[in-house]
Amino acid sequence: VRMKSVTLIGLGPMGQAMAGAYLNSGYEVTVWNRTPARADELVARGARRAESVEAALTANELVVLSLTDYDAMDAILAQAPYTALAGRTLANLTSDTPGRARQAAAWLAERGAVQITGGVQVPPPGIGTPDAMTYYSGPRDAIEAHRSALEVLTGIDYLGEDQGLAALYYQIGIDMFWTALAGYLHGQAVAEANGISAEDFLPHAVKTMDLRYFLEFYAPRITAGDHEGDVDRVSMGVASLEHVLHTAQASGVDDSLPAAVLKIFRRGVTAGHGHDSLTSLIDVLKRR
Ligand code: NDP
């Protein structure tokens, strides 16, 4: 019986959690990290330390990469001879643009390696928990061949052969996440400027930030191209955002975030959408 084994390159918080999940599942784990000390704890738990990038690549057919970006991958792979890549499957769980993912997959293919592109949807503590998911794209057969190893980390949300898809879905999700979270932080800054603690505002914040109703209401209308202003209007949004802006200013809080949103709504009015639904702003946003 062949021992289950995997190589992990990149031991940031995410890579650490991934290597730990493999050790917990009885895998033989080979690790490499630019800063070697970050592997110490994992080595104490039974991981093998590769002394070079080449040794890390050649130790296993499946190599999981968890790095800051694809520039980091380029810098790491440049340290090994290309022969070390031949026959490897690189599960690249590093986030970057769809373009970089496609480019790297083509570069690896020229050297006899297969890339699987992944976009992890949970923070490090979520790795190895039942509800965790990762967007994957790339060759279906390579993903199937390594299904059990990938599923040690998270569930598989397979999007298709195009290597850029996993990166694209990840970036769209994180686009929504950052702006929504920035909205929370800005609102809380206004709250604190008025003596309301995060703890006190929490139940209200949870209610307000739960956008499920709006998403499920708007998505079919957006799909149908129906921007009728029967329940909401861009001009109403402008008036509302002006109150938000003035409240932030009166509280002595930075107003750049609501000002940026107000600017988008005003562009909508200028484009003739004042009496249309907020969803008409998508057409405005699609034109840079
Ligand atoms: P980090 O940015 O902390 O990952 C750092 C890793 O990249 C370290 O191993 C670091 O090495 C290495 N690295 C960076 N630059 C270089 C370089 N030039 N040469 C060699 N190695 C380099 O990220 P995380 O661990 O938090 O996450 C990893 C990936 O997972 C990222 O793409 C992130 O976007 C994604 N992700 C992260 C989530 C999170 O909550 N953390 C959630 C979902 C996805 P060294 O230790 O030597 O600095």
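Numbering of ligands and ligand atoms starts at 1, following listing order.
- Distance check: Thr89 OG1 to Asn60 CG gives 11.0 Å after rounding to the nearest 0.5 Å.
- Nearest protein heavy-atom neighbour of atom 44 (C) of ligand 1: Tyr170 OH, 3.4 Å.
- Atom 14 (C) of ligand 1 has its closest protein heavy atom at Thr68 OG1, 3.1 Å.
- Here the CE-CG distance, from Met18 to Leu65, works out to 10.5 Å after rounding to the nearest 0.5 Å.
- Below 3.5 Å of separation, one finds no N or O of Ala75 facing any N or O of ligand 1.
- Listed by atom number, the atoms of ligand 1 under 4.0 Å from Asn33 heavy atoms are 8 (C), 9 (O), 11 (O), 45 (P), 46 (O), 47 (O).
- No more than 12 heavy atoms of other residues, nucleotides or ligands shown are found within 6.0 angstrom of CD on Glu199.
- Here the shortest heavy-atom pairing between Ala104 and Gln115 reads CB-OE1, 3.7 Å.
- Val122 counts as a contact of ligand 1, since one of its heavy atoms falls under 4.0 Å from the ligand.
- Heavy atoms of Met14 found under 4.0 angstrom from ligand 1 belong to the backbone as well as the side chain.
- Interatomic distance, Leu245 CG to Lys263 NZ, rounded to the nearest 0.5 Å: 13.5 Å.
- Heavy-atom proximity to Gly10, at under 4.0 Å, picks out these atoms of ligand 1: 9 (O).
- Within the structure, ligand 1 lacks Asp69 among the residues with a heavy atom less than 4.0 angstrom away.
- Annotation: Thr94 places no N or O atom under 3.5 Å from an N or O atom of ligand 1; distance criterion only.
- Taking a cut-off of under 4.0 Å to the non-hydrogen atoms of Ile76, the atoms of ligand 1 that pass are 20 (C), 21 (N).
- What sits closest to atom 26 (O) of ligand 1 on the protein, heavy atoms only, is Pro13 CD, 3.8 Å.
- Within ligand 1, the atoms closer than 4.0 Å to a non-hydrogen atom of Leu11 are 9 (O), numbered from 1 in the order shown.
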**Request:** Go through the steps for Val53 and Trp32 under the test side-chain contact (heavy atoms from CB on, under 4.5 Å), then give the verdict.
**Result:** CA-CA 7 Å; Val53 174; Trp32 186 89; 3.7 Å; yes

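- Ranking protein heavy atoms by distance to atom 30 (O) of ligand 1, first place goes to Leu93 O, 3.8 Å.
- In this structure, OH in Tyr136 is found 11.5 Å from CG in Leu159, a value given to the nearest 0.5 Å.
- Neither the backbone nor the side chain of Tyr70 comes within contact range of ligand 1; no heavy atom lies under 4.0 Å.
- Checked by distance only, ligand 1 and Pro124 stay at 3.5 Å or farther apart across all their nitrogen or oxygen atoms.
- Closer than 4.0 Å to atom 23 (O) of ligand 1 lies none of the heavy atoms of the protein.
- Annotation for ligand 1: atoms under 4.0 Å from non-hydrogen atoms of Arg38 are 8 (C), 45 (P), 46 (O), 48 (O).
- Looking only at distances, no side-chain donor or acceptor of Tyr22 sits under 3.5 Å from a matching main-chain atom of Leu153.
- Environment of CD in Glu41: sparse, with no more than 12 heavy atoms of neighbouring residues, nucleotides or ligands closer than 6.0 Å.
- The protein heavy-atom contact nearest to atom 48 (O) of ligand 1 is Arg34 NH2, 2.9 Å.
- Here the shortest heavy-atom distance to atom 15 (N) of ligand 1, taken over Ser66, Gly118, Pro125, Ala72, belongs to Ala72.
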**Asked** Passes side-chain contact (heavy atoms from CB on, under 4.5 Å), Leu90 versus Ile9? Steps please.
**Response** CA-CA 10 Å; Leu90 275 66; Ile9 294 180; over 6 Å; no

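- Taking only nitrogen or oxygen atoms, main chain and side chain alike, Leu67 reaches within less than 3.5 Å of ligand 1.
- The minimum heavy-atom distance between Ile264 and Leu281, with the atom names listed, is O-CD2, 3.8 Å.
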**Prompt:** Between Lys207 and His204, does a side-chain contact (heavy atoms from CB on, under 4.5 Å) hold up when you go through it step by step?
**Reply:** CA-CA 5 Å; Lys207 252 187 168 169; His204 310 290; 5.8 Å; no

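- Just one of Asn92, Thr117, Asp74, Thr94 meets the side-chain hydrogen bond (donor to acceptor under 3.5 Å, both in side chains) condition when paired with Arg100; it is Asp74.
- Shortest contact from atom 33 (C) of ligand 1 to any protein heavy atom: Ser95 OG, 3.8 Å.
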**Message:** Applying side chain to side chain donor-acceptor pair (under 3.5 Å) to Asp232 and Tyr218, what does each step give before you reach the verdict?
**Reply:** CA-CA 11 Å; Asp232 62 328; Tyr218 285 132; 2.7 Å; yes

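- Atoms of ligand 1 found under 4.0 Å from any heavy atom of Pro123 (numbered from 1 in listed order, with element): 40 (O).
- Among Leu8, Val120, Ile9, Thr35, the residue whose heavy atom sits closest to atom 47 (O) of ligand 1 is Thr35.
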